[in-house]
Amino acid sequence: GVWRQTRALLFKNCLIKCRTKKSSVQEVLFPLFFLFWLILMSMMHPHRKYGEVANTNLGTLDTSVLVNFVIGYTPPTRLAREIMKKVAFDNFEDGIITEEYLSEEDLQEASAFKPSNFVGVVFNDAMSYQLRFPDSVAMSSIYMESR
């Protein structure tokens with residue numbers, strides 16, 4: 001029955017392994033080689049462990065940097081207006097100037113003529129947005145697509 005078939009299958013596999021020694025050795029050595037390679041790579045690039053940073057009071061925000069700061073946003077929906085109102089007045093006593101634009105093209109055109117203290121916000125939906133900076137702001141090379 002089952003035991004005789006299992007024993008015959010094991011015997012057949014042992015015969016195949018004995019007759020094809022080269023491929024049998026490769027089946028054992030290749031995983032060991034790759035394991036060695038992974039260990040070597042992990043030793044060449046060890047994980048960096050950073051110490052704990054104590055809680056510190058960062059002080060108040062220097063609002064002199066935000067004088068005449070302009071934030072343009074699009075599209076002018078009710079939710080976008082509420083968000084921009086919170087941004088402008090909840091955190092700053094003087095408020096930040098916010099301007100709404102009907103389209104992203106209008107926003108880009110306005111940012112070309114505005115001074116360097118202009119930042120554009122494009123709301124994609126209720127949970128995501130993209131920032132648009134003027135060309136004078138240094139951008140990270142990692143996030144160029146969000147420009």
Side-chain angles (χ1 to χ4, degrees), residues 5-6 9-10 12-147:
Q5 287 179 347
T6 306
L9 185 62
L10 285 173
K12 181 187 98 172
N13 287 340
C14 287
L15 282 176
I16 291 172
K17 292 295 179 190
C18 290
R19 290 178 183 163
T20 58
K21 289 183 175 127
K22 183 179 176 183
S23 65
S24 299
V25 169
Q26 287 176 349
E27 283 181 14
V28 173
L29 291 182
F30 274 150
L32 293 175
F33 170 74
F34 288 125
L35 179 65
F36 170 74
W37 187 254
L38 284 173
I39 291 170
L40 183 68
M41 293 302 282
S42 68
M43 289 171 58
M44 288 175 63
H45 301 285
H47 297 289
R48 292 185 181 163
K49 295 183 180 176
Y50 297 100
E52 206 174 284
V53 177
N55 290 337
T56 58
N57 185 6
L58 298 176
T60 60
L61 177 65
D62 183 15
T63 56
S64 64
V65 177
L66 302 175
V67 173
N68 297 328
F69 197 74
V70 180
I71 301 177
Y73 64 94
T74 187
T77 61
R78 183 184 60 78
L79 182 63
R81 285 186 189 106
E82 289 177 13
I83 291 171
M84 296 312 292
K85 184 178 178 184
K86 282 188 176 291
V87 167
F89 295 108
D90 284 0
N91 299 318
F92 308 101
E93 57 267 350
D94 295 337
I96 295 176
I97 301 167
T98 59
E99 298 174 355
E100 63 182 41
Y101 295 93
L102 296 176
S103 67
E104 190 172 347
E105 291 79 23
D106 293 341
L107 179 72
Q108 289 176 347
E109 184 179 315
S111 69
F113 296 112
K114 296 281 183 177
S116 62
N117 60 353
F118 181 84
V119 174
V121 180
V122 179
F123 289 96
N124 298 329
D125 54 31
M127 296 299 289
S128 66
Y129 61 91
Q130 292 180 334
L131 298 176
R132 303 281 193 246
F133 293 98
D135 291 336
S136 62
V137 177
M139 295 294 293
S140 170
S141 62
I142 298 171
Y143 300 110
M144 286 302 286
E145 67 185 34
S146 69
R147 181 136 193 222

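FYI, the numbering just counts along the sequence from 1. Because the structure is a prediction, the values reported are computed rather than measured.
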Partners meeting side chain to side chain donor-acceptor pair (under 3.5 Å) with [X] (sequence neighbours left out):
X: Gln26; result: none
X: Thr20; result: Ser23
X: Ser128; result: Asp125
X: Lys85; result: none

Practice prompt. Mind checking side chain to side chain contact (heavy atoms under 4.5 Å, CB included) for Pro76 and listing every partner two or more places apart, or none if nothing turns up?
Written response: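 Pro76 satisfies side chain to side chain contact (heavy atoms under 4.5 Å, CB included) with Thr74, Arg81, Glu100, Leu102 only.
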
Review item, side-chain donor-acceptor pairs of residues 30-46, under 3.5 Å, at least two apart:
| residue | atom | partner | partner atom | Å |
| --- | --- | --- | --- | --- |
| Ser42 | OG | Leu38 | O | 3.4 |
| Ser42 | OG | Ile39 | O | 2.8 |

Discussion item. To check you understand the geometry: which heavy-atom pair defines the closest contact between Ala80 and Pro75, and what is its length?
Written reply: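 The answer is CB-O, 3.5 Å.
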
Discussion item. I need the Tyr101 OH to Leu107 CG distance, nearest 0.5 Å.
Written reply: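 Separation between the atoms: 6.5 Å.
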
Fill in: CE on Met127 to CG on Leu79, rounded to 0.5 Å
9.5 Å

Practice prompt. Might you confirm whether atom CZ of Phe123 has over 12 heavy atoms from other residues, nucleotides or ligands at distances under 6.0 Å?
Written response: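 Yes, enclosed.
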
Practice prompt. Please name all residues satisfying salt bridge (Lys or Arg N to Asp or Glu O under 4.0 Å) with Arg78, sequence neighbours left out, ordered by chain then number.
Written response: Glu82

Fill in: salt bridge (Lys or Arg N to Asp or Glu O under 4.0 Å) partners for Glu109, two or more places apart
none

Discussion item. Show, in sequence, the C-alpha distance, side-chain angles and deciding distance for Val121 and Leu131, and conclude whether the side chain to side chain contact (heavy atoms under 4.5 Å, CB included) test is met.
Written reply: CA-CA 5 Å; Val121 180; Leu131 298 176; 3.8 Å; yes

Practice prompt. With sequence neighbours excluded, give me every salt bridge (charged side-chain N to carboxylate O under 4.0 Å, His left out) pair touching residues 14-37.
Written response: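 For residues 14-37, and leaving out neighbouring residues, the salt bridge (charged side-chain N to carboxylate O under 4.0 Å, His left out) pairs sorted by first residue read Lys17-Glu27.
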
